[in-house]
Amino acid sequence: QVQLVESGGGLVQAGGSLRLSCAASGRIFSINHMAWYRQAPGQQRELVASITSDGTTNQIDSVKGRFTVSRDNAKKMVYLQMNSLKPEDTAVYYCNAEVKITYWSRLDLYWGQGTQVTVSS
């Protein structure tokens with residue numbers, strides 16, 4: 001079984017920074033894409049940033065220049081450095097990962113439980 005656990009959320013003033021971490025554990029052969037999503041109250045979950053196994057990244061326009069996604073393949077972790085935070089960044093942030101549990105298995109998508117980020121004005 002594969003588990004993803006996020007940490008690093010909290011309450012911060014506008015203009016501040018937070019660093020989210022997501023640790024993958026369990027029966028893992030390899031991890032392909034990893035990504036961060038967020039969901040604000042009453043809104044759909046949206047992709048924030050993603051990173052491939054070779055380090056290619058992508059971010060949505062609203063966070064470009066402020067958020068940076070990175071990963072440590074050896075530690076099976078993905079990070080989201082969030083700078084210049086705005087009240088509209090307030091949401092529950094989730095990580096996900098495409099995981100193969102054996103060489104022969106398919107890629108399955110796993111999600112963490114989420115971590116709350118609240119940005120006060």
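Basis for what follows: all heavy atoms, side chains included, without hydrogens, waters or symmetry-related copies. What you are looking at is a predicted structure, and each value in this text was computed from that prediction instead of being measured.
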Please report the shortest heavy-atom distance between [X] and [Y], naming the atom on each side.
| X | Y | result |
| --- | --- | --- |
| Leu47 | Ala35 | CD1-CB, 3.9 Å |
| Leu4 | Tyr110 | CD1-O, 3.2 Å |
| Ala97 | Ile31 | CB-CG2, 4.0 Å |
| Ala14 | Ser121 | CB-CA, 4.4 Å |
| Leu18 | Leu85 | N-CD1, 3.8 Å |

**OP:** Could you list the residues that satisfy ring-ring contact (aromatic ring centres under 6.0 Å, His included) with Tyr37, not counting sequence neighbours?
**Re:** Trp111
Subject >> Sequence neighbours excluded, every pair satisfying disulfide (SG to SG under 2.5 Å) that has a member inside residues 59-121 >> reply: Cys22-Cys95
Subject >> By side-chain contact (heavy atoms from CB on, under 4.5 Å) - contacts of Ser7 (at least two apart) >> reply: Ser21
**OP:** Using the side-chain hydrogen bond (donor to acceptor under 3.5 Å, both in side chains) rule, collect all pairs that involve residues 80-90, keeping only residues at least two apart or in two chains.
**Re:** Ser17-Asn83, Arg38-Asp89, Arg66-Asp89, Gln81-Asn83
Original post:
Out of curiosity, does Ile60 fall in the hydrophobic cluster containing Tyr93 (side-chain heavy atoms, cut-off under 4.5 Å, transitive links)?
Top reply: yes
Original post:
Are Val48 and Met77 connected in a single hydrophobic cluster, I mean Ile/Leu/Val/Met/Phe/Trp/Tyr linked by side-chain heavy atoms less than 4.5 Å apart?
Top reply: no
Original post:
Do Arg45 and Tyr94 meet the cation-pi criteria used here (NZ or CZ under 6.0 Å from the six-membered ring centre, within 45° of the axis)?
Top reply: yes
Original post:
Checking side-chain contact (heavy atoms from CB on, under 4.5 Å) for the pair Val2/Ile28: CA distance, chi angles, key distance, verdict?
Top reply: CA-CA 7 Å; Val2 176; Ile28 298 172; 4.0 Å; yes
Under 3.5 Å, which donor-acceptor pairs link side chains of residues 112-119 to any protein atom two or more places apart or in another chain?
| unit_1 | atom_1 | unit_2 | atom_2 | d |
| --- | --- | --- | --- | --- |
| Gln113 | NE2 | Glu6 | OE1 | 3.4 |
| Thr115 | OG1 | Gly9 | N | 3.3 |
| Gln116 | NE2 | Ala91 | O | 3.4 |
| Gln116 | NE2 | Thr118 | OG1 | 3.3 |

Original post:
Hey, is the main chain of Thr52 close enough, under 3.5 Å, to the side chain of Thr56 for a donor-acceptor pair?
Top reply: no
**OP:** Starting from the C-alpha separation in whole Å, work towards a yes-or-no answer on side-chain contact (heavy atoms from CB on, under 4.5 Å) for Gln59 and Val69.
**Re:** CA-CA 8 Å; Gln59 299 89 19; Val69 60; 3.9 Å; yes
Original post:
When rounded to the nearest 0.5 angstrom, what is the spacing between CD1 in Ile51 and CH2 in Trp36?
Top reply: 12.0 Å
Original post:
Run the side-chain contact (heavy atoms from CB on, under 4.5 Å) check on Leu20 and Tyr79 step by step: do they pass?
Top reply: CA-CA 6 Å; Leu20 305 183; Tyr79 307 96; over 6 Å; no
**OP:** Report the residue from His33, Arg71, Glu98 that forms a side chain to side chain contact (heavy atoms under 4.5 Å, CB included) with Ser53.
**Re:** Arg71
Subject >> ILVMFWY cluster membership beyond Tyr103 - transitive side-chain contacts under 4.5 angstrom >> reply: Phe29, Trp104
